[in-house]
Amino acid sequence: VQFMVLIKLVALNLSLADAGNFFLMYNAALLVSALFFSTHSSAFLRYYSIVSDKFSLYKSVIEQLFIVTSMLMVIIVLVYGYDKESLEYPVSLAYAASIGIFLILTTKFRVAGQFKQFFYLTLSQSLILASLVVMCLLFLDLSSELIISCMTISIIFPLVYYAVFKRNSLQRVFQRTSDKKVGRALFLYGFPFVLVAVSNIIISTNGQFMLKHLGYTDEVGVYASNYNIGEKGVFVWLSLVIMVNIPKIYNAYESLGAVSAWRIIKNCMAILGVCGGTLVVFTFFWSRELSVFFTSAKIAALGHWIIPGTVVSAVLLGFCSLLAEPLLIAKKSQIVAFCYLTSSVVAVGSGYIFISKYGLVGAVISPILSNIVFLLMLILCINNTGVYASEKNL
């Protein structure tokens with residue numbers, strides 16, 4: 001919801017080219033964040049229910065985060081020193097660092113079942129962002145760099161407050177001796193998730209970068225705005241389902257076995273199928289009205305038809321993410337990484353071919369095709385590896 005409000009502001013206050021630049025900066029930041037932080041977030045999710053000494057686990061994660069964040073800060077300084085006139089890259093990198101740490105903290109809340117703290121953290125971040133954006137609208141000229149800067153600051157403030165509020169607990173963590181075996185296990189398990197996270201972002205955002213690369217500068221903003229309406233329309237409720245159920249899947253696997261975990265996955269897939277199908281029908285008939293509401297009349301006229309296709313793509317990707325869980329909790333993350341990587345290669349290749357020939361239409365077709373390939377690969381891998389062999393419903 002927060003991001004959809006930002007899309008509305010971008011559509012109303014920026015040109016099509018500048019709007020496209022905003023989405024490119026935002027997605028580039030997510031890509032960098034995935035490169036630097038997805039290892040720790042994914043490993044944290046998997047090992048929280050296994051490691052009994054939670055403070056030792058926290059110490060290992062914080063130590064690795066310190067190294068990664070320091071590397072990113074050095075890169076930001078070097079990039080800014082190289083070109084002080086342009087703030088696009090430093091601002092995007094700063095947002096990448098902040099959103100990466102924010103993701104790991106929210107992952108901790110998820111696996112620990114601390115949803116009240118999760119709520120307060122995200123609420124405070126949203127309120128700070130809203131205040132900053134309103135002040136920018138009143139006193140400054142809105143730009144892509146300014147919006148990304150507001151997003152970065154709105155994350156940093158709650159993180160700093162949480163660190164101060166939990167300083168006693170943090171002191172206890174720092175006093176612990178880190179377990180090198182745990183640290184090594186976290187890194188080895190989580191490293192393939194770099195490929196998973198990066199490939200996931202490439203599948204979702206490849207169309208925007210490819211449009212820019214092939215010279216469709218104004219179309220980037222049109223495509224990205226409508227694409228995000230469809231994608232967020234699916235993920236706004238899918239994320240709620242995943243947020244609650246993924247930790248349950250891991251806990252069920254550890255305590256009750258594979259069949260119990262698979263039952264939860266199937267329930268999530270059923271919810272995704274019903275809600276996704278309903279959303280496809282709704283957006284097919286009312287895509288123009290949705291686009292006008294969330295963007296502008298101009299952007300809606302040029303690309304409202306993108307929304308239903310994006311919903312189909314997002315639902316397929318949701319099925320893929322759920323079907324990947326049986327392999328992930330069985331510690332076959334290399335197979336999942338291979339499937340994600342193959343799908344991203346298909347997305348880039350098909351994106352170049354279809355966008356070159358059909359422009360915006362090709363940008364809609366490409367992620368649907370790559371996600372279909374991804375889904376079929378996962379089904380084959382699950383059946384061939386014998387994961388959950390007692391379940392023959394695929």
Side-chain angles (χ1 to χ4, degrees), residues 1-12 14 16 19-20 22-23 26-27 30 200-211 216 218-243 268-323 343 347 350-351 354-355 358-375:
V1 174
Q2 175 191 117
F3 192 69
M4 297 312 299
V5 173
L6 290 176
I7 290 176
K8 182 70 174 181
L9 292 173
V10 166
L12 292 177
L14 302 181
L16 290 179
F22 164 77
F23 288 110
Y26 174 78
N27 290 318
L30 294 185
N200 194 19
I201 294 172
I202 290 175
I203 293 169
S204 298
T205 65
N206 166 68
Q208 300 170 37
F209 290 100
M210 196 62 70
L211 283 168
Y216 295 92
D218 288 347
E219 284 82 354
V220 174
V222 174
Y223 174 76
S225 299
N226 288 288
Y227 184 94
N228 277 281
I229 294 172
E231 185 183 61
K232 297 301 185 291
V234 175
F235 290 167
V236 71
W237 50 266
L238 177 62
S239 62
L240 297 176
V241 174
I242 291 177
M243 186 189 307
C268 293
M269 293 179 68
I271 295 172
L272 174 60
V274 173
C275 295
T278 303
L279 194 59
V280 169
V281 174
F282 178 80
T283 55
F284 181 81
F285 289 103
W286 289 283
S287 61
R288 181 181 291 271
E289 289 77 8
L290 281 172
S291 187
V292 170
F293 180 79
F294 285 111
T295 61
S296 65
K298 182 178 181 180
I299 289 178
L302 293 172
H304 68 90
W305 50 270
I306 295 170
I307 299 176
T310 301
V311 171
V312 173
S313 175
V315 170
L316 288 171
L317 189 58
F319 278 127
C320 292
S321 65
L322 289 169
L323 279 177
S343 180
S350 62
F354 287 124
I355 293 173
Y358 307 113
L360 280 175
V361 176
V364 176
I365 295 173
S366 174
I368 296 176
L369 176 63
S370 63
N371 285 332
I372 290 174
V373 172
F374 190 11
L375 187 65

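Along the sequence shown, residues carry numbers from 1.
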* To do: Dump the intermediate steps for side chain to side chain contact (heavy atoms under 4.5 Å, CB included) on Ser225 and Phe294, then the final yes or no.
  => CA-CA 8 Å; Ser225 299; Phe294 285 111; over 6 Å; no

* State, with a plain yes or no, whether a side-chain heavy atom of Val292 is found less than 4.5 Å away from one of Glu289. => no

* Asked: With sequence neighbours left out, what residues match Phe282 under ring-ring contact (aromatic ring centres under 6.0 Å, His included)?
  -> Trp286

* Asked: Is there a side chain to side chain contact (heavy atoms under 4.5 Å, CB included) between Leu360 and Val364 once you walk through the steps?
  -> CA-CA 7 Å; Leu360 280 175; Val364 176; 5.8 Å; no

* Measure the CG-OG distance between Leu375 and Ser370 for me, rounded to the nearest 0.5 Å. => 11.5 Å

* To do: Working to the nearest 0.5 Å, report the span between OG of Ser291 and CG of Asn226.
  => 3.5 Å

* **Thr310 side chain reached by Ile229 side chain, heavy atoms, under 4.5 Å** => no

* To do: May I ask you to decide if Ala363's main-chain N or O and Tyr223's side chain share a donor-acceptor pair within less than 3.5 Å?
  => yes

* To do: Applying side chain to side chain contact (heavy atoms under 4.5 Å, CB included), run through Val373 and Ser343 and close with a yes or a no.
  => CA-CA 7 Å; Val373 172; Ser343 180; 5.6 Å; no

* Asked: Taking the six-membered ring for Trp, are the ring centroids of Phe3 and Tyr26 within less than 6.0 Å of each other?
  -> yes

List the atom pairs, with distances to 0.1 Å, where a side-chain N or O of residues 297-309 and a protein N or O form a donor-acceptor pair under 3.5 Å, not counting sequence neighbours.
unit_1, atom_1, unit_2, atom_2, d
His304, ND1, Ser287, OG, 2.9
His304, NE2, Arg288, NH2, 3.3
Trp305, NE1, Leu302, O, 3.4

* **Verdict with reasoning, Phe235 to Leu317, per side chain to side chain contact (heavy atoms under 4.5 Å, CB included)** => CA-CA 10 Å; Phe235 290 167; Leu317 189 58; 4.3 Å; yes

* Side-chain heavy-atom pair Val5, Lys8 within 4.5 angstrom cut-off -> no

* Asked: Do the non-hydrogen side-chain atoms of Phe284 and Val312 ever get within less than 4.5 Å of each other?
  -> no

